[in-house]
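Following: one structure in structure tokens, then a few remarks.
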There are 2 protein chains.
Amino acid sequence: MELIYHNKTKSHYSRTEQMDTLSFTPHDHSACIADAVRTAEQTCRESGLRLTAQRKRVLEILLSGHRAMGAYDILDILKEEGQTAQPPIAYRALDFLVQHGFAHKVERLNAFIACAHPGEDHAPAFLICSDCRRVAETPSAPARALLAEAAAEAGFRIDTAVIEAVGQCPDCAEPAA
Amino acid sequence: MELIYHNKTKSHYSRTEQMDTLSFTPHDHSACIADAVRTAEQTCRESGLRLTAQRKRVLEILLSGHRAMGAYDILDILKEEGQTAQPPIAYRALDFLVQHGFAHKVERLNAFIACAHPGEDHAPAFLICSDCRRVAETPSAPARALLAEAAAEAGFRIDTAVIEAVGQCPDCAEPAA
DNA sequence: GCTCCGACTGTTATAATATAACTTGGAGGC
DNA sequence: GCCTCCAAGTTATATTATAACAGTCGGAGC
């Protein structure tokens with residue numbers, strides 16, 4: 001299992017810019033995993049949640065790709081690590097992570113991805129690259145506001161909204177590197 | 001199979017207002033089905049597409065509810081009508097209808113819904129009522145524009161976008177009728 | 001310490017959604 | 001008529017997800 005997928009050197013953006021679209025920019029990935037896990041641990045401690053070994057491991061697996069992963073992809077990895085790993089194991093951990101904002105479900109892919117901004121209260125939009133399957137989060141507040149407006153005119157009250165774009169990420173849109 | 005689901009008399013809107021959110025407003029449903037089928041027939045004739053009996057029947061089934069229906073819901077109805085109806089029958093018809101804009105897939109529900117505006121070139125947002133599962137289309141152009149802007153900043157080129165809101169429709173939000 | 005409780009995990013089974021692959025049929029062009 | 005192509009029929013299987021129940025573990029209260 002390769003842990004660093006996108007440390008290519010060519011990019012439209014410097015490492016310090018555009019951190020909102022982490023997934024499409026080069027960065028120190030192992031540090032990024034460690035950070036995210038630490039944030040999750042702290043958040044759980046503060047909120048009285050239990051980041052058990054299973055949940056933490058699943059979070060790490062998700063973090064290792066900045067890529068949407070199916071529940072069964074995760075199960076396969078758990079199995080390689082020697083666990084029995086029946087489906088509910090993965091789904092329960094994923095439910096926990098999604099429910100508490102450490103991960104998101106990408107509806108379009110029936111897959112899951114680690115949250116790029118754990119701890120912050122946010123409802124992101126996803127940019128899904130149809131070529132490499134990498135997924136980035138992008139701010140969705142403005143789009144959500146307009147959507148809520150349109151909904152209100154219809155007398156509809158929005159609880160949650162799924163906003164997912166499919167297209168080409170910067171790397172895959174370029175002819176070559 | 002009840003064909004008219006929401007001809008309730010109470011609504012925030014008159015019949016002639018808010019036609020963009022057809023699904024949450026009372027209207028003459030059998031006429032609405034006939035209209036949509038006619039539009040589809042004409043569009044196919046003009047474009048050299050074949051609206052076969054199967055495809056037409058699946059479209060009618062979808063239209064009968066203004067509701068998202070799973071492929072297997074449709075299969076069940078086809079079976080009741082005497083067909084053998086294996087999954088590919090439904091999926092192929094749905095693929096055709098979605099591909100040519102006569103129906104949409106609601107990713108959040110893994111389900112399908114007839115297009116409320118066939119013939120018009122549009123990419124709607126969906127308003128999904130979590131209580132009654134009815135689904136309305138609402139204009140999404142403004143929200144899409146903002147999303148495209150945010151994506152462009154990340155160097156991402158959007159091909160298609162899924163915009164789906166879950167919440168309460170006018171009827172279900174009211175305490176009672 | 002003990003016990004109870006509630007939350008998490010383990011396990012089996014199965015449901016729900018979707019597609020692959022190959023065969024048969026039927027409409028239209030030539 | 002015959003060929004071609006696309007659609008429909010059919011079998012099998014892949015993929016995604018949940019139900020249901022039994023076992024385990026840790027902390028709260030006594």
Side-chain angles (χ1 to χ4, degrees), chain A residues 40-41 44-45 47-59 61-62 67-79 81-100 102-113 128 133 135 162 164, chain B residues 40-41 44-62 67-79 81-100 102-113 128 133 135 162 164:
Chain A
E41 282 171 338
C44 286
R45 222 176 300 120
S47 312
L49 301 171
R50 291 167 60 185
L51 188 64
T52 62
Q54 295 261 29
R55 291 166 176 177
K56 184 169 157 184
R57 185 69 200 109
V58 170
L59 177 58
I61 291 169
L62 283 179
R67 222 181 212 73
M69 302 183 75
Y72 285 76
D73 296 334
I74 290 166
L75 274 176
D76 286 344
I77 293 173
L78 292 176
K79 279 178 190 159
E81 294 175 355
Q83 298 202 231
T84 329
Q86 295 303 309
I89 298 294
Y91 281 103
R92 283 176 193 148
L94 289 166
D95 284 350
F96 173 88
L97 295 172
V98 168
Q99 181 152 8
H100 297 101
F102 305 125
H104 303 290
K105 178 163 189 188
V106 183
E107 297 290 343
R108 176 68 186 237
L109 302 175
N110 291 322
F112 301 84
I113 188 165
I128 304 164
R133 216 193 182 196
V135 177
V162 173
E164 299 176 354
Chain B
E41 282 172 339
C44 287
R45 222 176 301 122
E46 289 166 359
S47 312
L49 302 171
R50 290 166 61 184
L51 187 65
T52 61
Q54 295 262 28
R55 292 167 174 175
K56 184 170 158 185
R57 185 69 200 109
V58 170
L59 177 58
E60 286 167 354
I61 290 169
L62 282 179
R67 223 181 211 74
M69 301 183 75
Y72 285 76
D73 295 334
I74 290 165
L75 275 175
D76 287 344
I77 294 173
L78 291 175
K79 278 178 190 157
E81 295 175 353
Q83 298 201 231
T84 327
Q86 295 303 309
I89 298 294
Y91 282 103
R92 289 203 278 242
L94 289 167
D95 284 350
F96 172 87
L97 295 172
V98 168
Q99 180 151 6
H100 296 100
F102 305 125
H104 304 289
K105 178 163 189 187
V106 183
E107 297 290 343
R108 176 67 188 240
L109 302 175
N110 290 321
F112 302 84
I113 187 166
I128 304 164
R133 216 194 178 193
V135 178
V162 173
E164 298 176 354

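Just the heavy atoms: all of them, side chains too, but no hydrogens, waters or symmetry mates, feed the values below. Letters go in sequence order (proteins before strands), and every chain restarts at 1.
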Looking across every strand, which nucleic acid part, if any, lies under 4.0 Å from A/R92 by heavy atom: base, sugar-phosphate, or nothing? base

Applying the salt bridge (Lys or Arg N to Asp or Glu O under 4.0 Å) test to B/E41, which of B/R55, B/R50, B/K56 qualifies? B/K56

Mind calculating the distance between CD (A/E107) and C1' (D/dA17) to the nearest angstrom? 13 Å

Between OH of B/Y91 and P of D/dA8 the distance, given in whole Å, is 17 Å

Distance test, side-chain N/O of B/R50 to OP1/OP2 of D/dC6, below 4.0 Å: no

Value in whole Å for how far the P atom of C/dT9 lies from CG of A/L94: 12 Å

Below 4.0 angstrom from OP1 or OP2 of C/dA18, is there any side-chain N or O of B/K105? yes

For a 4.5 angstrom cut-off between non-hydrogen side-chain atoms, does B/E81 reach B/L78? yes

Toward the 5' end of DNA chain C, by each residue's nearest nucleotide, B/D73 or A/L49: A/L49

Between A/L75 (CG) and D/dT18 (P), how many Å, whole number? 13 Å

Compare side-chain N and O positions of B/Q86 against OP1 and OP2 of D/dA12 and report whether any pair is under 4.0 Å apart. no

Kindly indicate whether the side chain of B/R67, heavy atoms from C-beta on, has any atom under 4.5 Å from the side chain of B/V135. no

Can you check the A/I89 CD1 to C/dT11 C1' distance for me, whole Å? 9 Å

Check this one for me: any side-chain N or O of A/N110 less than 4.0 Å away from OP1 or OP2 of D/dT15? no

Whole-Å distance separating the CD atom of B/Q54 from the P atom of C/dA27: 14 Å

Just how far, in rounded Å, is C1' of C/dT11 from NZ of A/K79? 13 Å

When rounded to whole Å, the CE to P distance for the pair A/M69 and D/dT16 reads 12 Å

Walking DNA chain D from its 5' end, the first of B/T52 and B/P87 to be reached, judged by nearest nucleotide, is B/T52

If the cut-off is 4.0 Å, is B/Y72 near the phosphate of C/dA16, judged by side-chain N/O to OP1 or OP2? no

Specify the residue among A/F96 and A/T84 whose closest nucleotide of DNA chain C lies further upstream toward the 5′ end. A/F96

Assign the ring pair A/F102 / A/F96 to parallel, tilted or perpendicular, where the plane angle (0 to 90°) is split at 30° and 60°. tilted

State, yes or no, whether a side-chain contact exists between A/L62 and A/L94 at a heavy-atom distance under 4.5 Å. yes

